[in-house]
2 protein chains.
Amino acid sequence: MTERKKRPTLQDVADRVGVTKMTVSRYLKKPEQVSAPLRARIQQALDALGYIPNKVPDILSSSRSQAIGLLVPSLTNQVFAELIRGVESVTEPAGYQTMLAHYGYSPQAEEARIATLLGYSVDGLILSESVHTERVRRMIETAGVPVVEVMDSVSPAIEQAIGFDNEAASFAMTERMIERGHRRIVYFAARMDARTRLKIHGYERAMRAHGLEPRSLRTERASSFTRGALLLGQALERWPELDGVFCTNDDLAIGALFECQRRGIAVPDRIGIAGFHGHDIAAVVVPRLATVITPREEMGRRAADSLLRRLRGEPAGPPVVTLPFRIDEGGSLRPAS
Amino acid sequence: MTERKKRPTLQDVADRVGVTKMTVSRYLKKPEQVSAPLRARIQQALDALGYIPNKVPDILSSSRSQAIGLLVPSLTNQVFAELIRGVESVTEPAGYQTMLAHYGYSPQAEEARIATLLGYSVDGLILSESVHTERVRRMIETAGVPVVEVMDSVSPAIEQAIGFDNEAASFAMTERMIERGHRRIVYFAARMDARTRLKIHGYERAMRAHGLEPRSLRTERASSFTRGALLLGQALERWPELDGVFCTNDDLAIGALFECQRRGIAVPDRIGIAGFHGHDIAAVVVPRLATVITPREEMGRRAADSLLRRLRGEPAGPPVVTLPFRIDEGGSLRPAS
DNA sequence: GCCTGCCCGGTTACCCGTAACATACTACCC
DNA sequence: GGGTAGTATGTTACGGGTAACCGGGCAGGC
């Protein structure tokens, strides 16, 4: 059991058939160029030895891996699961492998992941961030691989950004809450990344535009249902008269919603609650959660599409693509009068 | 912009310094073997060119990639996110790269993913399934890489299984529901994989042991909150007198719980609800969800640990490791009398 | 002065699949 | 029968980092 068996190579298969490995390689890639009798014998040898194709030598000599790297900050966040699905719906049919890496919202970790991916010779990168270390920009530049950034359409892109306008989305939802009669609205933020800052800015701009005072509660911890519940408690202590909560994502919002239930606070009569992203769960809680529905899967599709297009040598398209978002009021805001 | 700059190699760096690439390679791996003045000049050249280490040639010549493959059926499922975290908490400090692949519960897709990973010369594999195609077993055998299977501790393992007893866990929760006074309990299952079958079996065994009639509702669709809500509707139509629902995972259970809220059905008085896995959300819904808390992260840690150990040539340990589960009654079962 | 040993850098070969080119052989035409 | 085209296989070289081995120069001991 401990004798290490070397995995079979093309040469092993070739020896067994009595041809050169080139012929076997041809059979695998362009079978019609190999005579019928040989085809049968080669296939037999492949089966007998259990040959597993080895991409490494080809990557080495061609410097092309037929793989792209996809970086997401987190895997537990539903948003990125849907982004991944979008990317793979394009890369897979095209015969490209997607290498997934996550970096826990840390720019340093992102840098390390990118270095690793480039070490495997990925042909292109999709990043979920618009803020990067200087070394990231340099690496991408010297590696000469195409890059697309997703999730945001505001910050200046390395090459191309495909996303939506976080600031505008946040502004729009805040206005909607105000229209529905909510006034003393508190913003719940978790991790303070660039996108969160944009969203807070949108919220504050909308509040001020209506002569209202913005108030926000921030935590450095990761967002979660539990965290949303905790934040609601803190907010009520600090601003007992609050009548609206706008959360940076659905997790916090759902947590806040449950905490209201637990405390017997009527939603939306006493407090209106809104989330961000529009996940499955927003549609099933009672009352349904008001949320901003963002084009997560579409961003993935578009980004992958643009990347593959460029790998085929086609032009990159516009440097910024802004996809639309949509507001779903659910049942957690006061009804329109 | 369109001139493709080739990414710098060790040779380029060496030329710039006036040494051979071997010396540069040494500097990167064992700097103490290079004289101090050269060290400085090499570092300068590395910075100037922005050299990015290339793992591919080394993988080719050593057949070792310092990477392991981790296969999970789904990324949207919280369970696997935690499994991944457990694996990486071990592989990362050890300097191993984790290559993630998902296969949507399809054995054929699993086979394809494994072939791809082996094509990149991963040094070992962690699989989340105990049922595999014949070709999967053969590939792993001929590739000669160590494998660990997680999530289940019952089915015969390829080499080693680290998991928990799905059947026993399901049996235990069913008994608990019965103890709490629920009798006409319906089982909600989604995708019919091997683990689901084990869980159903545990449920049925417990029901029969108490002279109760097992009833289950199955759907081939993926489980989700929405699906849980739908199943509850169907179940009530078919068995209006049901007083308990045991779901194959928390998502379905939460969906069912909300549907009860929507219909004004009292939980747990009229209907008791239990889920499986013990995610974050189970603890925040009102009432808290009864659920089986499974050792997701620990399975990942143990599996990675065992795999790395074997890669260092140490013995594999027992072929089956059964980790404990725990039942959390939450508030969605009737109180103990 | 010569040998020993160390330090530090260079040389060589290897991993394996495939692009590009070369060659053998057949068939067919005028 | 010589030329041409086409088909089927072989030959060669390449990619880039590193293990294993080699060798020059210098210090220190006797």
Side-chain angles (χ1 to χ4, degrees), chain A residues 4-42 45-46 49 51-67 115-116 118-123 142-144, chain B residues 4 6-42 45-46 49-67 115-116 118-123 142-144:
Chain A
R4 82 192 44 151
K5 38 197 157 234
K6 218 180 43 213
R7 120 193 201 166
T9 67
L10 275 193
Q11 185 65 60
D12 298 330
V13 178
D15 290 347
R16 196 169 222 271
V17 180
V19 294
T20 61
K21 58 183 180 164
M22 192 63 233
T23 304
V24 182
S25 170
R26 249 192 292 258
Y27 168 73
L28 290 172
K29 313 222 97 184
K30 302 165 178 173
E32 74 282 1
Q33 290 187 10
V34 175
S35 64
L38 257 191
R39 281 207 287 266
R41 288 170 52 211
I42 291 175
L46 287 169
L49 293 175
Y51 175 75
I52 304 162
N54 184 354
K55 288 187 76 71
V56 178
D58 190 30
I59 296 175
L60 175 59
S61 71
S62 70
S63 321
R64 316 203 78 242
S65 60
Q66 294 271 100
T116 303
L118 292 175
Y120 285 100
S121 283
V122 291
D123 296 338
T142 59
Chain B
R4 81 192 45 152
K6 216 179 44 212
R7 120 193 201 165
T9 67
L10 275 194
Q11 186 65 61
D12 298 329
V13 179
D15 290 348
R16 196 168 222 271
V17 181
V19 293
T20 61
K21 58 181 180 167
M22 192 61 232
T23 306
V24 184
S25 169
R26 251 191 292 256
Y27 168 72
L28 290 172
K29 313 223 98 184
K30 302 165 178 173
E32 74 282 359
Q33 289 186 10
V34 176
S35 65
L38 256 190
R39 282 207 286 265
R41 290 170 51 212
I42 291 174
L46 288 168
L49 293 175
Y51 175 75
I52 304 162
N54 185 353
K55 287 187 75 74
V56 177
D58 189 32
I59 297 175
L60 175 58
S61 72
S62 70
S63 321
R64 316 202 78 241
S65 60
Q66 294 271 100
T116 303
L118 292 175
Y120 285 99
S121 285
V122 291
D123 296 337
T142 60

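Below, chain A is the first sequence line, B the second, and so on; all start at residue 1.
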Taking N or O atoms only and anything under 3.5 Å, show me the protein contacts with nucleotides 8-18 of chain D, one pair per line.
from, atom 1, to, atom 2, distance (Å)
D/dT9, OP1, A/S35, OG, 2.9
D/dT9, OP2, A/S35, N, 2.9
D/dT9, OP2, A/S35, OG, 3.3
D/dG10, OP2, A/T20, N, 3.1
D/dG10, OP2, A/T20, OG1, 3.1
D/dG10, OP2, A/T23, OG1, 2.6
D/dG10, N7, A/R26, NH2, 2.9
D/dG10, O6, A/R26, NH1, 3.4
D/dG15, N2, A/P57, O, 3.3
D/dG16, N2, B/P57, O, 3.3
D/dG17, OP1, B/Y51, OH, 3.1
D/dG17, OP2, B/L10, N, 2.9
D/dG17, O5', B/Y51, OH, 3.4
D/dG17, N7, B/K21, NZ, 2.8
D/dG17, N2, B/S61, OG, 3.2
D/dT18, OP1, B/K29, NZ, 3.4
D/dT18, OP2, B/S25, OG, 2.6

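Between the CG atom of A/L46 and the CG atom of A/L10 there is a distance of 8.0 Å, given to the nearest 0.5 Å.
Listed here is the closest heavy atom pair of A/R7 and B/L118: NH1-O, 2.8 Å. Between B/G50 and B/P8, the closest heavy-atom pair is O-CG, 4.1 Å. When all heavy atoms of A/S121 and A/I59 are compared, the closest pair comes out as CB-CG2, 3.7 Å.
A/I59 has its CD1 atom 17 Å from the C1' atom of C/dA19, to the nearest Å. Between the OH atom of B/Y120 and the P atom of C/dC16 there is a distance of 18 Å, given to the nearest Å.
Formation of a donor-acceptor pair under 3.5 Å by the A/R39 side chain with backbone atoms of A/Y27 is not found in this model.
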